[in-house]
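In what follows, every chain begins at residue 1, and chains take the letters A, B, ... in the order their sequences are listed. Any value given below was found using the heavy atoms of this structure, including those in side chains, with hydrogens, waters and symmetry copies removed.
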There are 2 protein chains.
Amino acid sequence: MSLDHAASKPHEALAVLLRDDMDAVNTLIEARMASKHAPRIPEVTAHLVGAGGKRLRPMLTLAAAKLCGYDGPYHVHLAATVEFIHTATLLHDDVVDESEQRRGRPTANLLWDNKSSVLVGDYLFSRSFQLMTETNNIDVLRILSNASATIAEGEVLQLTAATDLSTNEDIYLQVVRGKTAALFSAATEVGGVIADANADHVKALFDYGDALGIAFQIADDLLDYQGDSAQTGKNVGDDFRERKLTLPVIKAVAQATDEERSFWERTIEKGRQQDGDLDHALSLMDKYNTLSATRDDAMQWAEKAKSAVKKLPEHEIRGLLSGIADYVVARLN
Amino acid sequence: MSLDHAASKPHEALAVLLRDDMDAVNTLIEARMASKHAPRIPEVTAHLVGAGGKRLRPMLTLAAAKLCGYDGPYHVHLAATVEFIHTATLLHDDVVDESEQRRGRPTANLLWDNKSSVLVGDYLFSRSFQLMTETNNIDVLRILSNASATIAEGEVLQLTAATDLSTNEDIYLQVVRGKTAALFSAATEVGGVIADANADHVKALFDYGDALGIAFQIADDLLDYQGDSAQTGKNVGDDFRERKLTLPVIKAVAQATDEERSFWERTIEKGRQQDGDLDHALSLMDKYNTLSATRDDAMQWAEKAKSAVKKLPEHEIRGLLSGIADYVVARLN
């Protein structure tokens, strides 16, 4: 299929190009989220899977495999694996964060209960391992089990780091690599590995997913403070109210006067917030230009992702991967 | 080592026989529960792992491998895998059940919080998959990922079945196979598979673990109603108070008069319990002799486990496996 007919956004164009494979992924997901014995499992899963989402991660796996010339069937299993891991972490995240909304709908923990979210998440994790086992490829099993451990480790680290003012940019990056980038980089890497790509190409695919995931998360954290709530579906300052230290605040804390530091201690570490605190927090971020510094960081990671793309084999998909890297930070302007 | 010096209980005798291997398992568990970035992970894990427990499941893996003549290193990885899966499910179970005590100590969800229990459980699940991947044996990966899915499915089924009076013995068995027996049978099966045992021996190992797990869980459910709380560490009737339908009640419900059925509907389905209800429940179980019928079921499963042992190769470990089957039901007399 020619790209002339593709949609205007790069991930939509990729979806058009990969349509047959994505149909196969969706069919496999439907089949494997079933449970003969426990009907609550497909109910809960369908609520989340049916809510849409861009399915960016499984598309990246398909794209990586195709770009590397793969013509076997297992990129579909790996893409479904990646989506199951993602869905399982969303279910558990919503329990951990006590969230009430996800993709504009009430969360599963609210509609059913925390128990169902914990156990259905466990089921989807197990299903994801079954799926990847079917590829008979021990390398992809190693990559994806490592990614799962890194995700969980990043989430646990965030539990303690999020309200600790000594959390610096290095620790923030560690959390982001865990909770977001690890699955992006595993998604692209396994696409190359299943296609038996050479080590340089596999490395470039990993680097692309890693940088893209980091750019994506930094952009998300920035939009929490400067986004249009109609567009993001979140209220400005949710992270502040939930006492979650992210890059814009970490940069402000690093430069804080004693008085400003006391403000951050009270509002983030102790969580004793009062009217006007969010405005004051935003004024401190403005004082040190941390929102634009955070945007610069996101842009740099997007550039890194595009540099990695240049190391991949010539293929029409390369342009779309670069376009996706631009797209995740374009919403920041 | 001769069995002459073995301790009197069969699982203790097995622990003596497998001491070197179990030391290696414990060393591997210590190493792999570490986290460079998130110190909370080993804290939470150590609380649970350090509380002891008999480590019956990993011992069964080691025993199965040894009995089948295995002399490689990977039974140790598989035993640690099995213990990690078990520990992860305990962490999540305590969140789901809102438990406050486990092995005589406060639960992790009480000492830390539900978030830590969910995420550290996820970490241990991922670690278990990393460990089994290191064996480079796709068959054991398939068996253990299937077992994980069956465990989660059984737990989800229990969520809805536990308070539903239409839950019959078949559904109960399904839940028990999931939440308990699946890990026992996987533990013994992978020991045979890693040793490259023939299909009949692998089947016998599976059957042994399956029947042992079922006997174990039925015994546990029976002891909830007739146990000595000093010995079991639980109060008589916890399952009744928590509205958890188990075999002794299922058997009483199956024979209930209309009036008795109303009692079970009020206390289990609707959860409107009052003083004296537990005594009345016990009197109904007594009326239909369901406690002794439940004990008979447990004994039959223990016999099935022992029949499976007879199909295994001659080895001193065979007697200990039979002894363990006797032991899990001996506490019922």
Could you pull out all residues at least two apart from B/A80 that satisfy side-chain contact (heavy atoms from CB on, under 4.5 Å)?
->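 Here the qualifying residues are B/V25, B/L28, B/I29, B/L131.
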Which atoms of A/L159 come close to chain B, meaning under 4.5 Å heavy atom to heavy atom: side chain ones, backbone ones, both, or neither?
->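 Just the side chain, heavy atoms under 4.5 Å.
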Any idea which of A/A147, A/A152, A/P39 has the most non-hydrogen atom pairs under 4.5 angstrom with chain B?
->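 Top option by heavy-atom pairs under 4.5 Å: A/A152.
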Write down the atom of [X], the atom of [Y], and the distance for their closest heavy-atom approach.
X	Y	answer
A/G192	A/A64	N-CB, 4.1 Å
B/G178	B/A182	O-CB, 3.6 Å
A/L183	A/V82	CD2-O, 3.9 Å
A/A181	A/I214	CB-CG1, 3.8 Å

Does B/I85 reach the side chain of B/I151, with side-chain heavy atoms less than 4.5 Å apart?
->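 Of all side-chain heavy-atom pairs linking B/I151 with B/I85, at least one is under 4.5 Å.
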With a 4.5 angstrom heavy-atom cut-off, which part of B/L141 approaches chain A: side chain, backbone, both or neither?
->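 Both backbone and side chain.
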Specify which of B/G154, B/A88, B/A149 makes the most heavy-atom pairs with chain A at under 4.5 Å.
->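 Looking at each of B/G154, B/A88, B/A149 in turn, B/A149 comes out on top.
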Highest number of heavy-atom pairs under 4.5 Å with chain A: which of B/L157, B/V44, B/V175?
->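 Of the candidates given, the most pairs with chain A belong to B/L157.
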How would you list, by chain and number, every residue that makes a ring pair (Phe, Tyr, Trp, His ring centres under 6.0 Å) with B/F84, sequence neighbours excluded?
->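 Testing B/F84 for ring pair (Phe, Tyr, Trp, His ring centres under 6.0 Å), a comparison that skips the adjacent residues, returns none.
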Could you work out all donor-acceptor pairs shorter than 3.5 Å where one atom is in chain A and the other in chain B?
residue: A/S35; atom: OG; partner: B/E153; partner atom: OE2; Å: 2.5
residue: A/H37; atom: NE2; partner: B/Q174; partner atom: NE2; Å: 3.1
residue: A/H92; atom: ND1; partner: B/D122; partner atom: OD1; Å: 3.1
residue: A/H92; atom: ND1; partner: B/D122; partner atom: OD2; Å: 2.7
residue: A/V96; atom: O; partner: B/K115; partner atom: NZ; Å: 3.4
residue: A/D122; atom: OD1; partner: B/H92; partner atom: ND1; Å: 3.1
residue: A/D122; atom: OD2; partner: B/H92; partner atom: ND1; Å: 2.7
residue: A/S126; atom: OG; partner: B/S148; partner atom: O; Å: 3.3
residue: A/Q130; atom: NE2; partner: B/N146; partner atom: OD1; Å: 2.6
residue: A/N146; atom: OD1; partner: B/Q130; partner atom: NE2; Å: 2.6
residue: A/S148; atom: O; partner: B/S126; partner atom: OG; Å: 3.3
residue: A/E153; atom: OE2; partner: B/S35; partner atom: OG; Å: 2.5
residue: A/Q174; atom: NE2; partner: B/H37; partner atom: NE2; Å: 3.1

Check: B/F125 ring centre within less than 6.0 Å of A/F125 ring centre =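 Judged by ring-centre distance (under 6.0 Å), B/F125 and A/F125 do not meet the cut-off.
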